[in-house]
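Let me begin by presenting the structure, written as structure tokens, before commenting on it.
In what follows, chains are A, B, ... by sequence order, proteins preceding strands, each numbered from 1. Here the structure is a predicted model, which is why all the values come from computation and not from measurement.
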Amino acid sequence: MTLHLTTRRRIITFAVGVFAFAILLVQLYPIIITLVNGFRRDIIILSGQPFALEQITTRSYEIVFNNRQFMRAMRNSVVVGMLSTVLSVSVGAMAAYGISRFKFMGRNTLAYSFLVFRMLPQISLVVALHLLFRSVGLRDTVAGITLAHSSFNIPYVIWLLIPFFVTVDRSFEEAAMIDGCSRWTTFIQVFIPLARPGLVVASVFAFINSWNEFLYALILTGVRTQTAPIAVSGMVGGEVLTWGQMSAASTLMLVPVFIFTIKMQRHLIRGISVGGVKG
Amino acid sequence: MRAGGFGSPVPFLIPALLIVFAVLIFPIAFAFFVSMFEWPLSGGGGARRFIGVGNYVTLVRDSGFWNSLWLQLGFIFIAIPIELVFGLAAALLLNREFRGGRVVRALLLLPVFFLPVVSGMTWRFMLQPRYGAINNLLVSMGMPQMNLLANAQTAYAAIIVQDIWRMWPFVFMLMYAGLAGIPDELLEAAEIDGASYRSRLFEILIPLLYPTILTALLLRIIDALRIFSEVYVMTEGGPGMATMLFSLYTHRIAFGHMRVGLASAMAIFLLLLSVLFAVTLVRKNLSLEELERRGGGG
């Protein structure tokens with residue numbers, strides 16, 4: 001009987017494994033084909049054999065690396081992502097500290113408002129932002145798109161950080177303040193080093209949010225500050241059949257995201273459940 | 001408190017509040033203001049005309065607005081239930097230890113982190129006639145050779161399938177975490193009682209998972225309401241108006257038809273709808289106290 005049960009359980013486990021693997025293949029096919037197409041010649045891609053791997057080449061990558069418009073867009077994405085991350089994590093950390101270390105009237109309302117702000121559709125803001133940015137000269141500037149990205153990253157970072165901050169032991173701060181440090185000094189010199197793990201997670205997610213963002217970049221940037229998602233979307237259109245280059249460029253954009261995703265595994269659930277990852 | 005020390009939270013909150021006011025609250029107020037004008041995108045100040053609720057009246061009478069609203073609702077009502085069922089089923093299935101389980105779970109999540117714009121382009125590629133993999137699969141199953149993105153029904157189906165593909169693992173991830181939070185004793189007790197799997201599922205597991213299911217549902221609705229880039233690169237809302245979801249139509253009105261006032265009225269409408277769902281989500285499912293109690297664990 002016991003043996004029978006064990007065998008049965010083994011068979012079920014095996015069947016589940018096979019089934020999961022099949023689903024996984026379907027789920028990963030679009031990703032794999034993007035990675036593979038970057039190394040295939042367009043003529044092979046257009047032959048319609050999804051698994052043909054003849055004439056592997058790095059030609060598409062060479063073209064993409066020599067595509068000055070795309071490379072500039074990649075650089076813009078990195079710059080905007082880093083600036084927006086630094087801005088939203090520093091400002092967001094301060095706000096999260098204020099919310100998690102002080103009791104004050106309207107504290108809950110304030111915290112929840114930030115969460116609702118994170119969930120607003122970009123299209124609801126982008127028309128007004130376009131008009132406002134145009135009138136103050138922020139359209140097609142790094143400052144403009146950085147600020148726009150911070151509008152969703154700041155609320156996001158605040159909510160990501162609050163649970164991290166709560167776990168930081170207060171006694172170190174109390175000791176520092178008894179020793180005569182001001183709140184501010186305590187925050188910078190005592191609290192921030194203790195809260196580093198949370199800040200790293202928040203930085204990574206804030207960067208990915210900015211890296212993936214499409215609609216603000218589409219409307220608020222122009223030739224000079226165009227980001228990579230916009231540049232890559234411009235690669236395919238009409239009858240231009242350069243899927244190889246499109247795939248190579250896409251792969252370059254996916255690499256940082258996938259590296260972070262794997263590194264951040266432990267924190268993914270929280271990262272997305274406060275409304276992350278969407279562009 | 002000594003000089004330079006912050007005894008109050010205000011100095012910590014001010015920078016965030018200032019930026020959020022400048023790039024979020026003020027633009028919303030401005031959008032509301034613009035929505036009361038006939039306001040051409042490129043024209044000078046002279047071309048603007050105050051029309052009160054005129055834009056909102058125009059919207060109610062605009063067949064394009066209703067079209068985008070129905071497409072948007074259809075998208076939500078078709079895609080999200082499927083994502084929830086897939087996500088829950090996969091979570092129940094994978095909620096056991098098997099060799100390679102960790103790797104499988106990690107790989108399953110990759111589509112969630114596939115850039116939306118890249119996802120849209122890859123799907124566009126797979127749907128192409130003659131060489132696209134999905135097109136070839138359908139042809140081998142007996143469908144005629146056709147451009148799936150040039151046909152109204154198949155294009156609409158395609159944007160829905162794309163969303164299901166990318167986002168059911170997101171639901172899975174939430175459900176899996178939810179399941180992990182249910183104490184084993186509860187499940188074991190049911191097992192000893194001899195409850196069949198079905199009754200265990202519907203009488204114990206699903207009620208226990210209800211908060212997670214609700215969170216997933218609301219998060220997905222809020223997200224689906226603002227979908228833009230995937231559809232934009234797959235179809236640009238076409239063919240015709242067949243995939244012109246709400247954000248795409250607003251974008252078209254503002255930057256295609258250059259009617260910023262009318263687009264702002266749409267923006268405000270969508271904003272109110274999203275706030276409604278967001279507030280429901282926040283009030284029901286995300287409590288600050290709860291988050292603080294749980295701390296940094298999970």
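The side-chain heavy atoms of B:V34 and A:V127, taken from C-beta on, include no pair separated by under 4.5 Å. Using a 4.5 Å cut-off on side-chain heavy atoms (C-beta onward), A:I123 and B:M266 make no contact.
Using a 4.5 Å cut-off between heavy atoms, B:M121 contacts chain A through both its backbone and its side chain. Contacts between B:A254 and chain A at a heavy-atom distance below 4.5 Å involve the side chain alone, from C-beta outward. Residue B:V233 touches chain A through its side chain alone, counting heavy-atom pairs closer than 4.5 Å. Neither the backbone nor the side chain of B:I14 has a heavy atom closer than 4.5 Å to any heavy atom of chain A. For B:V260, the parts lying under 4.5 angstrom from a heavy atom of chain A are both the backbone and the side chain. Heavy atoms of A:F19 lying under 4.5 Å from chain B belong exclusively to its side chain. For B:E236, no part lies near chain A; criterion is any non-hydrogen pair under 4.5 Å. Residue A:V26 touches chain B through its backbone alone, counting heavy-atom pairs closer than 4.5 Å. There is no contact between A:F21 and chain B, counting heavy-atom distances below 4.5 Å. In this structure, the portion of B:L94 lying under 4.5 Å from any heavy atom of chain A is its side chain and not its backbone. Both the backbone and the side chain of A:L120 come within contact range of chain B, each with at least one heavy atom under 4.5 Å from a heavy atom of that chain. The contact between B:I19 and chain A is made entirely by side chain atoms (from C-beta outward), counting heavy-atom distances below 4.5 Å. For B:Y232, the part lying under 4.5 angstrom from a heavy atom of chain A is the side chain only. Heavy atoms closer than 4.5 Å to chain A are found in the side chain of B:V117, but not in its backbone.
At least one donor-acceptor pair under 3.5 Å links the side chain of A:Q27 to the backbone N or O of B:W165. With A:W243 contributing its side chain and B:F125 its backbone, the two residues share no donor-acceptor pair below 3.5 Å.
Aromatic ring pairs are classed by plane angle as parallel below 30°, tilted from 30° to 60° and perpendicular above 60°; the pair B:F12 and A:W184 is tilted.
Here A:I31 is the residue among A:V126, A:V91, A:I31 with the most heavy-atom pairs under 4.5 Å with chain B. With respect to chain A, the highest number of heavy-atom pairs below 4.5 Å among B:S264, B:S247, B:G132 belongs to B:S247.
Separation of the B:F113 and A:F260 ring centroids does not fall under the 6.0 Å cut-off.
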